[in-house]
Structures are given as structure tokens and as C-alpha cells.
**Q** 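Dropping a structure here in C-alpha cells format, bear with me for questions.
Order of the sequence lines sets the chain letters (A, B, ...), proteins ahead of strands, with each chain counted from 1. Bear in mind that the values here come from a model prediction, so they are computed numbers and not experimental data.
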Number of protein chains: 2
Amino acid sequence: MASKVKKRTLINDIASHLQVSIATVSLVLNGKAKQSRISDAVAQRVLAYVEEVGYKPNQLAKSLRTGKTHVIGLVVEDISNPFFATVAWLIEKQAFERGYRIIYCSTDNDPAKTRELISMFQERHVDGFIIVPSEGIEKEVGAILREHTPTVLFDRLLPALPTNYVVVDGAQGTYAAAGHLLEQGYRHIAFVTTDSQQTQMEERLRGYTRALHEHNLTPLVKRVTVTKETEKLVADIQEFIQHTTPCDAIIFATNYLTIYGLEAINHLQRRIPADLAIISYDDHDLFRLYSPAITAIAQPVESIAKNVIDILLQELQHPTEPVAEPAYQVVLPTELLIRCSSLRQGRQPE
Amino acid sequence: MASKVKKRTLINDIASHLQVSIATVSLVLNGKAKQSRISDAVAQRVLAYVEEVGYKPNQLAKSLRTGKTHVIGLVVEDISNPFFATVAWLIEKQAFERGYRIIYCSTDNDPAKTRELISMFQERHVDGFIIVPSEGIEKEVGAILREHTPTVLFDRLLPALPTNYVVVDGAQGTYAAAGHLLEQGYRHIAFVTTDSQQTQMEERLRGYTRALHEHNLTPLVKRVTVTKETEKLVADIQEFIQHTTPCDAIIFATNYLTIYGLEAINHLQRRIPADLAIISYDDHDLFRLYSPAITAIAQPVESIAKNVIDILLQELQHPTEPVAEPAYQVVLPTELLIRCSSLRQGRQPE
DNA sequence: ATGAAAGCGCTAACAA
DNA sequence: TTGTTAGCGCTTTCAT
């Protein structure tokens with residue numbers, strides 16, 4: 001032994017120093033002094049000494065023993081997307097206050113990576129899951145459910161699975177957005193979405209389509225193939241805009257599609273909203289700042305986070321009997337934030 | 001017992017099913033079959049059965065026994081900042097490939113929260129730390145060092161502590177930026193920074209100041225108080241711009257300061273770069289997209305991530321003797337990405 | 001080449 | 001009221 005490493009304090013050290021048994025120490029530390037009728041005097045001495053030496057129980061050992069880690073696994077699509085970052089942050093904050101820790105990871109919407117992450121979280125024995133499910137992971141989520149690990153999905157759901165979830169009424173959002181554009185006099189409204197079949201994307205498309213049909217207009221839908229090569233995405237959108245005539249307005253189905261769309265529109269030198277009106281599903285700091293400011297269908301991030309964590313903690317504390325019908329399925333409304341990008345020339349928001 | 005929960009497979013189940021001892025199973029699973037001279041036949045049978053039933057060792061028990069968790073704690077200032085998000089993502093990717101998991105948390109630059117997070121990571125027995133230190137946590141980091149837990153700081157360092165670190169030469173970055181503005185003929189160049197005393201912020205200020213002094217110009221420095229209320233920040237910058245005359249160029253010391261600055265400039269209806277040239281320390285997707293595109297002092301994110309993880313894994317695998325001089329202290333260069341916001345009218349980048 | 005057994009640090013049932 | 005002790009699931013030494 002080259003250098004003597006300072007040994008960490010153990011529960012044993014506490015007990016022997018104080019001349020009490022380790023059970024006493026453990027009980028006091030876990031707030032069970034009263035119910036085990038340990039004298040206040042002893043309890044005080046234990047607490048004081050623990051504080052003094054800064055003793056921290058080994059969570060690994062504790063978790064192994066109790067089967068509880070007080071850790072929640074949060075699996076989102078992309079933690080660098082402001083929407084997920086904000087929701088994750090709010091969830092973390094509230095969970096922390098109630099004694100739970102969050103560990104999060106991004107799936108990049110890749111089913112294989114999602115599977116790997118779920119598996120890793122299971123190995124680490126998370127007490128519960130919060131998942132933004134990518135396509136094709138019904139089996140894995142089903143397995144979690146079967147083990148009765150409390151789980152809440154958000155942003156989108158898996159129709160085949162009876163789970164708790166918190167989602168947003170995207171159809172209502174795009175329906176309102178299209179309605180707003182129609183009211184402004186736009187008639188050739190396109191919708192740019194991804195090639196994903198996920199529920200939230202299909203809902204957004206549905207709201208748009210319904211609005212157009214009600215006005216006897218033909219939907220103009222572009223499904224972009226999602227890829228890491230952003231240049232390809234931009235080029236794809238650019239080509240769509242160029243070849244779609246007439247087209248005087250576009251609703252983008254996600255905030256990043258809007259960003260690529262703005263780049264495409266810049267390349268084409270079209271003016272917003274003079275040549276082309278723009279609305280983004282999901283807001284972004286950039287949209288407030290952009291000139292002109294971009295109209296957005298905002299999602300209620302605080303409410304999403306609050307519902308998700310409330311449901312999960314409820315399940316964690318009072319596990320529901322595994323019945324066919326999950327107890328909590330929440331659908332929240334969006335809010336249309338009208339800014340300059342969707343207004344006829346000369347008009348002002350509000 | 002209302003419902004029988006399907007028991008998870010244990011190493012015991014594997015051993016007894018295969019009629020071998022648990023030691024054999026463990027050895028095979030940990031790749032020590034050869035060195036323990038276990039027959040290939042047995043090893044194969046074990047592997048096959050483990051695969052078949054999908055057995056996963058309990059990491060909690062494993063870690064408790066070995067003292068290794070194969071988890072690295074990553075403590076950054078704000079995971080929703082694209083700079084940290086990108087570096088974190090790159091670090092995670094490389095760590096994952098080498099069998100390590102990352103758990104990350106944001107400090108919001110709050111020393112109390114930082115302490116809490118470090119403490120939580122220690123309780124969870126992370127094998128190593130990657131830390132973006134907020135001010136006033138020398139004591140905590142010192143304690144980690146004393147326990148010989150491998151640690152790397154990045155983005156900024158703690159001058160009082162002999163640690164491994166990976167930082168960027170911010171002074172060189174702002175010096176070059178100021179030089180570029182001077183070359184473009186700007187003479188009244190301001191510098192907007194925060195009230196933080198952290199090394200990276202001081203370095204950035206130093207580079208700017210040196211450039212101006214070399215040209216016998218007076219530095220115009222604004223230190224903004226960082227706050228959650230973004231309106232206050234914007235108003236603060238706006239007031240500074242309004243009351244600083246003459247002023248024909250500004251270097252912002254962080255990307256978010258630039259974003260607030262742009263909002264302030266919009267309010268004031270100043271044109272970029274006709275009325276005011278702009279350069280941002282640290283790039284951002286938005287800056288490429290903005291009209292006009294914003295010149296930025298870009299940090300080498302890939303290189304930062306690679307250096308950080310290489311150093312940490314090196315220490316994890318071959319712990320250096322705790323000597324006074326830490327082995328790895330890396331300073332990386334920045335790159336000035338010249339875009340339209342810093343060019344005299346009519347000129348084009350490149 | 002394989003098995004028995006001693007812990008890692010903690011909790012909680014049971015004894016005293 | 002407090003102490004003793006049997007595990008939680010795994011790794012690894014040592015004996016066979």
C-alpha cells in the first residue's frame with residue numbers, strides 16, 4: 001500500500017463510537033426512532049455525531065437492501081431540444097423536492113438506443129420511468145409494465161398499450177393555427193411534417209387537414225425524412241417550397257422543422273410574411289427574437305411536467321393494482337401565440 | 001400477496017439450472033473463464049443459457065461488491081445551453097463506447113446546488129467526475145481530490161487547486177475578435193460580460209482589454225448581473241448601449257448575452273452592422289441563421305469533449321499517484337467565424 | 001477445473 | 001428500549 005486512503009465513515013463506526021448498536025443508528029437515521037421507542041437522548045446523540053463526522057449512508061448498500069433507489073429514469077427524444085430540456089428541468093426540480101433523483105438520456109428517436117437505455121435504467125433499478133417513446137418499442141415498454149414498474153409516457157403515446165400518459169392536443173393546435181391563417185386570408189396553406197407515424201405527429205397533421213377540408217381546400221402536405229444531415233433537410237424543404245405553387249403559408253410540425261424551413265426560405269429570398277406566412281408547432285426562444293417574430297403553437301410545458309411527476313409519484317407511493325385501465329391519461333390544450341409571421345401586411349399582433 | 005410478481009433471474013438460478021456453481025457463472029460472465037481455466041464447453045453453455053433467459057446481473061450488488069459503478073458524474077452549468085449540451089453529448093457518446101455511463105446535472109452556477117449535486121454523486125459512488133465548477137466550490141472539489149476520485153474540470157478552472165483541466169484560450173479568442181473589428185475600422189468597441197469572477201470570463205475580458213490598449217483605445221466594459229429575469233438583463237444591456245456614445249461595435253462574452261443583446265438592439269432599432277457591429281463569444285445555431293449572420297468566436301467542442309473523456313478514462317484505468325502536479329492541463333484555441341455582423345457595409349465574409 | 005464461503009454496507013425482523 | 005443477525009446479489013480467494 002503506497003498511500004493510506006482515508007476510510008469513509010461507516011454505520012459501524014458511528015455505532016461503536018457511540019456505544020450503541022448499528023440497528024439503533026439505522027433506525028434513528030431512517031426516522032423510525034419514535035416507532036421503535038428509542039430514547040430521545042440517544043436519538044439526539046446519534047444525529048449530532050452523524051452530523052459532526054458528516055456520515056453519509058452508502059446508497060448502493062441501502063438500495064440493494066431495500067430494493068428502492070429513489071431514482072427515476074427519464075427517457076426523452078433529445079435533451080438538447082428546448083421543449084424536452086424545459087420539461088426535463090421542471091420534472092427534475094419537482095422530483096428533487098420530493099426526494100427523488102432523475103437520470104436522463106436522449107434516444108435520438110432511435111428504437112435500438114431506446115431499448116438500450118431502458119435496459120440500462122432497469123439494471124440500475126430505477127424506481128420508475130418517464131418515457132417519450134420512439135416507434136417500435138411497445139415490447140420494451142410492455143415488459144416494464146408487466147414488472148409493475150410505475151411508468152408515465154409523455155408527448156406521445158403507444159396506442160397498443162394501456163399506459164398512463166400526458167399528451168397535448170396537437171390536432172386542436174394545428175386546427176386553430178390553420179383557422180388563424182384562413183382568417184388572415186391565406187388560402188394556399190402547406191404543412192411540413194416528418195415521415196414519423198408517431199401519434200403526436202399524426203394528430204398535428206389531422207388538425208391541419210380537417211381545417212382545410214372544412215374550407216374545401218386541398219391539403220398540401222410535405223413529409224420530410226428526418227436525418228442527421230441538416231443540409232439535406234434544408235434542401236428538401238427548399239425544393240418543396242419552390243415546387244409548390246401557389247403556396248402562401250406554411251405550418252411546420254415541429255420547432256426544428258421551422259428552423260430548417262427558415263433557412264430554406266432565406267436561401268430562396270422569400271419574405272415573411274409578405275411572400276409566405278409561417279407558423280411553428282412548438283415554440284422556441286429564437287421565434288420570439290427572429291425578425292419577423294414567428295407565430296407558434298405553444299405547448300404547456302409547466303403543466304406537462306407537473307402532471308407527469310404528480311402521476312408518477314402517486315404511483316410510486318400508492319402502486320395501483322395492475323388493472324386493464326390505467327388510471328391517468330391526460331390531454332392538455334395548446335395555445336396559439338400570434339406574432340408577425342402569420343399576419344397580413346400592415347397588421348400587428350394583438 | 002395479491003399478484004405474484006415474476007421474479008427476476010438471479011445468478012443462482014443460472015448456476016442451479018446448469019448444475020454448476022455460481023462462481024463458475026460469475027467468472028464466465030466477467031471474461032475470466034480462460035484465466036480460471038474453465039472448460040470451453042461449460043463457458044459456452046453458460047453464455048448460451050444467460051442469453052436465452054436474458055439474465056442481467058444486478059448492478060447494485062455488483063457495484064457494492066467491486067466498489068466500481070462505471071458511472072461518471074457530469075456537473076455542468078446549464079445542460080440546456082447548446083455549448084454544454086453538445087459537449088455533454090459528445091462525452092456521453094465516447095464514454096458509452098468504453099463501457100461508462102454518464103449521469104449529468106445542471107448547477108445553474110449556484111454553489112449550493114453544485115455542492116448538493118457533488119454530494120449526491122458521491123453517495124451514488126460515481127467512479128469519476130467531470131465538473132464545470134461554479135464559484136466558491138474549492139472546498140468540495142478539494143475533498144473529491146483528496147479521496148483520489150479521478151476528476152477533470154472543463155470550461156474554467158479553480159486556480160487554487162491543482163487539478164486536471166481542459167479549457168479554452170478565451171483571451172486569444174477575444175483578442176482576435178477585437179483585432180478583426182479594429183481591422184474593419186471600428187474604433188468604439190464595447191465588451192459586455194457578466195459579473196462573474198470565473199477564470200474563463202476574466203480571460204475573455206483580458207484579451208479584449210489587451211487589444212484595445214495596444215491601439216491606445218479605452219475599453220468600454222459593461223458587467224451585467226446575471227439573473228433569471230431575462231427582461232431585466234435585456235433592459236440592462238439596452239440601457240448600456242443607449243448611454244454609451246460613441247459605440248460602434250460590441251463583443252458579447254457569452255452566447256446568451258449575445259441573444260439578450262440582439263433583443264436589446266432590436267428594441268433600439270439599431271441596424272447590424274450598419275449602426276453596430278456584433279461578435280459573440282461562443283457560437284450558437286441561431287447565429288448562423290440570424291439576419292445578418294452573427295460573427296462568433298467558436299470553441300472547439302469536439303476537441304474539448306475528446307480531451308476531457310480521454311483524460312478521465314486514463315485516470316480511471318491507471319490512477320496516477322496523488323502528486324502535487326496534476327498530469328493533464330490542456331488549453332485549446334478558439335476559431336473566429338467571421339460572418340456579416342462584424343463587417344463594414346458592403347463587404348462579404350471570406 | 002470447480003465449489004464453498006466470506007464479505008461489500010445496510011435494513012429490519014426478532015430476541016432479549 | 002436496544003442488540004443480534006439474516007440476508008439483498010454479487011465477486012473472488014482458497015481449498016479441493
**Q** If you take any heavy atom closer than 4.0 Å to DNA chain C, which residues from residues 25-38 of chain A end up in contact?
**A** A:Ser26, A:Asn30, A:Lys32
**Q** Quickly work out the A:Asp13 CG to C:dC8 P distance and round it to whole Å.
**A** 12 Å
**Q** Looking at the side chain of B:Ala23, which of C:dA12, C:dT2, C:dA4 is the nearest nucleotide?
**A** C:dA4
**Q** Does anything in residues 50-67 of chain B come within less than 4.0 Å of DNA chain D? Heavy atoms only, and list the residues if so.
**A** B:Tyr55, B:Pro57, B:Asn58, B:Ala61, B:Lys62, B:Arg65, B:Thr66
**Q** Are a donor atom and an acceptor atom from the side chains of B:Asn58 and A:Glu123 found within less than 3.5 Å of each other?
**A** no
**Q** Quickly work out the B:Ile22 CD1 to C:dA1 C1' distance and round it to whole Å.
**A** 17 Å
**Q** Quickly work out the A:Asn12 CG to D:dG3 C1' distance and round it to whole Å.
**A** 13 Å
**Q** Got A:Asp155 and A:Val167 here, is their nearest side-chain heavy-atom distance under 4.5 Å?
**A** no
**Q** Is a side-chain donor or acceptor of A:Asp127 paired with a backbone partner of A:His70 at a separation under 3.5 angstrom?
**A** yes
**Q** Using five pairs at each end of the helix from C:dA1-D:dT16 to C:dA16-D:dT1 to define an axis, what is the angle between those two axes, to 10°?
**A** 50°
**Q** Once side-chain contact (heavy atoms from CB on, under 4.5 Å) is applied, do any residues pair with B:Leu74, and if so which ones, sequence neighbours excluded?
**A** B:Val76, B:Ala88, B:Ile102, B:Tyr104, B:Ile130, B:Phe154
**Q** How long is the line joining CZ of B:Arg8 and C1' of D:dC8, in whole Å?
**A** 13 Å
**Q** Whole Å only: how far is the CG atom of A:Leu18 from the C1' atom of D:dG3?
**A** 15 Å
**Q** Find out whether B:Arg8 and B:Lys56 are in side-chain contact, i.e. whether some heavy atom of one side chain is under 4.5 Å from a heavy atom of the other.
**A** yes
**Q** Apply the test side chain to side chain contact (heavy atoms under 4.5 Å, CB included) to residues B:Ile11 and B:Ser26: give CA-CA distance (whole Å), side-chain angles for both, the deciding distance (0.1 Å), then the verdict.
**A** CA-CA 8 Å; B:Ile11 196 169; B:Ser26 175; 3.9 Å; yes
**Q** Do B:Arg124 and A:Gln59 get their side chains close enough for a donor-acceptor pair, meaning under 3.5 Å?
**A** no
**Q** Figure out the CD/C1' separation between B:Gln19 and C:dT2, and round it to whole Å.
**A** 14 Å
**Q** Can you name the side-chain hydrogen bond (donor to acceptor under 3.5 Å, both in side chains) partners of A:Asp13, sequence neighbours left out?
**A** none
**Q** Give the rounded distance in Å between these two atoms: NZ of B:Lys68 and C1' of C:dC8.
**A** 13 Å
**Q** Within the 4.5 Å heavy-atom criterion, are B:Ile131 and B:Thr163 side-chain neighbours or not?
**A** no
**Q** Once side-chain hydrogen bond (donor to acceptor under 3.5 Å, both in side chains) is applied, what residue pairs with a partner in residues 38-52 of chain A remain, sequence neighbours excluded?
**A** A:His17-A:Tyr49, A:Lys34-A:Asp40
**Q** Would you tell me whether A:Thr107 and A:Ser134 have side-chain atoms, one donor and one acceptor, within less than 3.5 Å of each other?
**A** no
**Q** For B:Ile14 and D:dC10, what is the distance between atoms CD1 and P respectively, to the nearest whole Å?
**A** 9 Å
